[in-house]
Structures are given as C-alpha cells and as structure tokens.
Amino acid sequence: MSTTKDPMWKRVKELEDRLSQLEERRKRIEEELNSLPNGHLESKTINGNVYYYLRYWEEGKLKSKYLGREAIKIKEQVEKASELKRELSMIKEEERRIRKTLDRISLALGMG
C-alpha cells in the first residue's frame, strides 16, 4: 500500500470504528427505552387538586392512563425517555451519514 493511501485507510477505519460505537449505543438506548414509559405526562386540576395522566398512542388511538396525584417518578422516567429519543435520533442520523460515506468510498474503489 502506498503512503498516499494510508491516511485514507486510517480515516475509513475511524469511520468503521465510530459506526460500531454508534450501533452499540443505539442498541443500549433502544433497550433502555423499552423499560421506560412511552408518551407524555399531562396534568388536570380539578377542585384545586392536580391529577396526572400518561398520554400515549396505541394502535392508532390516543390513550390515557391515570397516574394519581403524585407522578414524580413517572415524570422523571418520561423526561429520561424523551432525552433518549432525542439522542437516538441524532445517533441514527450520524449512522446514516457514515454508512453513506463508506458506501461512496466502496463504490469509488470499485468494491461495491
């Protein structure tokens, strides 16, 4: 291999390593999301009392689950799920870009 190609192969290896890291992180996030509530928290005030509901979509219908007057733990879980979903979206986009780049390199080298 010539020295002019060494930087390119190093970069390809870096991309492949990064893709592998992203795939592992994505799997961990997806597993964690499966253990967290899906949806968002809503509160209703009735006669001065606040009641909490978990609102979510199921089979094309908006469902609501009564949580009671205290929902601190569920609220934290819903917020965590929301953060993980944002991170998951960014990871998937980066994975897509890296795969596209690696595909272009493969095609350019006649390996695709």
Nearest heavy atoms of [X] and [Y], plus distance in Å:
| X | Y | value |
| --- | --- | --- |
| Pro37 | Leu54 | CB-CD2, 3.9 Å |
| Leu33 | Ala81 | CD2-O, 3.6 Å |
| Tyr56 | Lys65 | CE2-CB, 4.1 Å |

Please check if [X] and [Y] belong to a single hydrophobic cluster, counting links between Ile, Leu, Val, Met, Phe, Trp and Tyr side chain heavy atoms closer than 4.5 Å.
| X | Y | answer |
| --- | --- | --- |
| Val78 | Tyr51 | no |
| Leu36 | Ile74 | no |
| Leu15 | Ile91 | yes |
| Leu22 | Val12 | yes |

Near [X] [atom1], under 6.0 Å, is it more than 12 heavy atoms from other residues, nucleotides or ligands?
| X | atom1 | result |
| --- | --- | --- |
| Lys85 | NZ | yes |
| Glu58 | CD | yes |
| Arg104 | CZ | no |
| Ile46 | CD1 | yes |

Would you say Tyr52 and Leu41 make side-chain contact, with heavy atoms under 4.5 Å? yes
Taking the basic N atoms (NZ, or NE/NH1/NH2) and the acidic carboxylate oxygens, is any pair closer than 4.0 Å for Lys13 and Asp17? yes
What distance separates [X] [atom1] from [Y] [atom2], expressed to the nearest 0.5 Å?
| X | Y | atom1 | atom2 | answer |
| --- | --- | --- | --- | --- |
| Ser35 | Lys80 | OG | NZ | 10.0 Å |
| His40 | Trp57 | NE2 | CH2 | 9.5 Å |
| Ile98 | Arg18 | CD1 | CZ | 6.0 Å |

Taking the side chain from Thr101 and the backbone from Arg97, do they hold a donor-acceptor pair closer than 3.5 Å? yes
Checking salt bridge (charged side-chain N to carboxylate O under 4.0 Å, His left out) against Arg26, which of Glu95, Glu87, Glu93, Glu94 comes through? Glu95
